[in-house]
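Reading through the structure tokens given below for one structure.
Per chain, numbering begins at 1; letters A, B, ... match sequence-line order.
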Protein chains: 2
Amino acid sequence: MPKERTATLRLQDVAEQAGVSLATASRSLSGAPGVSEAVAERVREVARRLGYVANVHARSLAGGVSRSVGLVVHEIGDPYFAEIASGVLRVGAREGLTVQICHTGRDPERELDQIRLLVANRVGAIIVAGSGFVDASKQAAAKADLQAFQRAGGRVAVIGRHHLGADAVLPDNQKGGRAITEHLLGLGHRRIAVASGARELTTIADRMTGVEEALTAEGIDPASVPVVEAEFTRAGGRQAAERILDEHPETTAILALNDDMAIGVLSALRARGVSVPEDVSVAGFDDVAVAQDLAPSLTTVRLPMAEMGEQALLLALKEPSSRPRRRHAGHEVVARDSTAPPRR
Amino acid sequence: MPKERTATLRLQDVAEQAGVSLATASRSLSGAPGVSEAVAERVREVARRLGYVANVHARSLAGGVSRSVGLVVHEIGDPYFAEIASGVLRVGAREGLTVQICHTGRDPERELDQIRLLVANRVGAIIVAGSGFVDASKQAAAKADLQAFQRAGGRVAVIGRHHLGADAVLPDNQKGGRAITEHLLGLGHRRIAVASGARELTTIADRMTGVEEALTAEGIDPASVPVVEAEFTRAGGRQAAERILDEHPETTAILALNDDMAIGVLSALRARGVSVPEDVSVAGFDDVAVAQDLAPSLTTVRLPMAEMGEQALLLALKEPSSRPRRRHAGHEVVARDSTAPPRR
DNA sequence: GTGAAAGCGCTAACAA
DNA sequence: TTGTTAGCGCTTTCAC
């Protein structure tokens, strides 16, 4: 980190070169009114020639405005969040905004720390992606900080169902859960098992609600359906699949609550010599890029991740409304090769 | 973005509440020496109680130091860069650094814009990930800006071979290219084809150099090996595979120069009814997370992406040396199910 | 239309 | 050990 005073160009230098005052130079470069076009153009020309770039810190300190936004994700290495980030960065670049990204590891405490850091950085907006917690108290502290941030003029948008009192982009978790279950039921499956992540996450809870709706509508008691809870990862999917195979050998279809788990399920089935979709059908959720490249290609629910990222930033860029806005993101069941009618 | 002056807490408020001067409050919170532990603790307590967070802009303006770094990637939605970013964020969080990420889309002009933006943001360090260009002039402007940034006290680290005059983490592209080719040759393949990306990228050039070394060592004329150039993506891999199948039906092994292309190759082969590895072996490069989950699982060269990200930030955090440092990242051929001895 | 000057919130000399 | 004060580079009234 630079310690010694950096010898960079200041606006003062540009002003002197252009033979105008600091104020005029400032106005010229920020496009503020009250400067003749001729002078403004001259100043801009000088700035360009000198390679001047304004000091964002000074600018934001003096003007109280910030051209940067913060994005809080679980883990950027996870394709789900990488896609969301991609959407956010795209809009950010278009709007000339800097985007700061940070990890939470789904730990409310780290989340809080990161949010505080973003507030300290005086970002103009904060976007929280990733699942909320069913237990609102887990994010109570974050909520308090975000509310204070909003009162101070900051903007907040979340992706997913949170109890954070902010504009939200809502993935179709419940409807998607219902739709993918209907797809399985429509194929004739009656012995379905679910590979689930931690139920304390709203993402999981909502997807499960959808699953249960579809089950009930078909006259199946949700309580009769095995739901194996494991980590929301490949490894978790593998474990879940093994337990399902061992404890519920009659299962004809496994629904994994995200693609990562579905990939783990596929790998466990392969290892056990269970063929998909002949012996067991497998479905996922999210439609990460690789879902189509697996063999068999994965039937899943497509969530428009990148678009959700874009929407979230766009929401955050709007004037705040009196009540939190909600945008529903849509979903689509993508039927591929991993699901087929059951044999029996 | 907040327009109205935000009514946040200032250090002055904390100082008053604690009954000390601004300077003492500053020292207490930044851990500077010259304050009695008792007073420092009291100030910290007050700050905590009030929920005070220092204004980074004021801090960096006054102190000339910055606790943030910039990361320049091709596209964050690409798993290769997402993994690198994950490594950078991990170290960043540990060091209390904010990380700004931006896209270039492999366009030198956008890269330059983004670098300028980072400089304007007075980040302490800039990390440029992604391939360099064989033609140094394409990044000449970026180089000039980065050099100026370094002279002004900023730190720069690159991942990959660039002509940027900065510390570098070098993926084992050449050695890896040689090793994976040797793997194919070792299995007995003599009719190998390469699905390559644009040769203007150093990543591709280096991997090809390794491939050619191995070929030559085995007494095969590199010029006799078909190299199909296409986009460095799945779609590009698909196209390349189709051309290889059409124009060089005798091919027994296809080496794709990254996993993304390899996935496209696999998908094209599947569509054509060509079985892997029985009819044709396929190998990739990078070992992105899904490589192991494909069917057949993909033989590839593992590059420690997340670690490369960590290393790059660590390099950038060190004191600058008189001459650019180089860190070699290592590689490992991971033999999986997509390669086997040729039939014929 | 242009310039002078007062801060923005903080750090770092320099005094006490 | 503590306090006073002068900036950091910019935006923004307020005069002219």
Kindly list each side-chain donor-acceptor pair under 3.5 angstrom involving residues 48-55 of chain A, sequence neighbours excluded, with atom names and distances?
from, atom 1, to, atom 2, distance (Å)
Arg48(A), NH1, Glu45(A), OE1, 2.9
Asn55(A), OD1, His57(A), N, 2.7
Asn55(A), OD1, Ala58(A), N, 3.1

Using atom [atom1] of [X] as one end and atom [atom2] of [N] as the other, report the distance to the nearest whole Å.
{"X": "Arg59(B)", "N": "dC8(D)", "atom1": "CZ", "atom2": "C1'", "answer": "15 Å"}
{"X": "Asn55(A)", "N": "dC8(D)", "atom1": "CG", "atom2": "C1'", "answer": "8 Å"}
{"X": "Leu11(B)", "N": "dC8(C)", "atom1": "CG", "atom2": "C1'", "answer": "14 Å"}
{"X": "Arg10(B)", "N": "dT11(C)", "atom1": "CZ", "atom2": "C1'", "answer": "16 Å"}
{"X": "His57(A)", "N": "dT11(D)", "atom1": "NE2", "atom2": "C1'", "answer": "16 Å"}
{"X": "Arg67(A)", "N": "dC10(D)", "atom1": "CZ", "atom2": "C1'", "answer": "16 Å"}
{"X": "Leu9(B)", "N": "dC8(C)", "atom1": "CG", "atom2": "P", "answer": "15 Å"}
{"X": "Leu61(A)", "N": "dC8(C)", "atom1": "CG", "atom2": "P", "answer": "9 Å"}

My understanding is that only residues two or more places apart in sequence, or in another chain, count here; which of them pass side-chain hydrogen bond (donor to acceptor under 3.5 Å, both in side chains) with [X]?
{"X": "Asp135(A)", "answer": "Ser137(A)"}
{"X": "Arg42(A)", "answer": "none"}
{"X": "Glu307(A)", "answer": "none"}
{"X": "Thr24(A)", "answer": "Ser21(A)"}

NA contact type, Ala32(B), heavy-atom cut-off 4.0 Å: base, sugar-phosphate, or nothing?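 Nothing, no heavy atom under 4.0 Å.
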Can you work out whether Val35(B) or Ala58(B) has the more 5'-proximal nearest nucleotide on DNA chain D?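 Counting from the 5' end, the first nearest nucleotide belongs to Val35(B).
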Reckon Ser36(B) has a side-chain N or O less than 4.0 Å from the OP1 or OP2 of dT2(D)?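 Yes, Ser36(B) has a side-chain N/O under 4.0 Å of OP1/OP2 on dT2(D).
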Any side-chain N or O of Tyr52(B) under 4.0 Å from OP1/OP2 of dC10(C)?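 True: Tyr52(B) side-chain N/O within range (under 4.0 Å) of dC10(C) OP1/OP2.
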Heavy-atom pair of closest approach, residues Ala166(A) and Gln150(A):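 Looking at all heavy atoms of both residues, the closest pair is CB-NE2, 4.1 Å.
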Phe81(B) and Ala129(B): which non-hydrogen atoms are nearest, and at how many Å?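 That would be CE2-C, 4.0 Å.
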In degrees rounded to 10°, what angle is found between the helical axes fit to the five outermost pairs at each end of the helix from dG1(C)-dC16(D) to dA16(C)-dT1(D)?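 End-to-end axis angle: 40°.
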Can you figure out which of dC10(D), dG3(C), dT2(C) approaches the side chain of Val39(A) most closely?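 Output: dT2(C).
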Quick check on contacts: within residues 22-31 of chain B, what sits under 4.0 Å from DNA chain D by heavy-atom distance?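 Output list: Ala23(B), Thr24(B), Arg27(B).
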Below 3.5 Å, can you tabulate the donor-acceptor pairs from side chains in residues 89-97 of chain A to any protein atom, sequence neighbours excluded?
from, atom 1, to, atom 2, distance (Å)
Arg90(A), NH1, Glu310(A), OE2, 2.9
Arg90(A), NH2, Ser86(A), OG, 3.2

Excluding sequence neighbours, so at least two apart, what forms side chain to side chain contact (heavy atoms under 4.5 Å, CB included) with Thr203(B)?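 Ser131(B), Asn173(B), Arg207(B).
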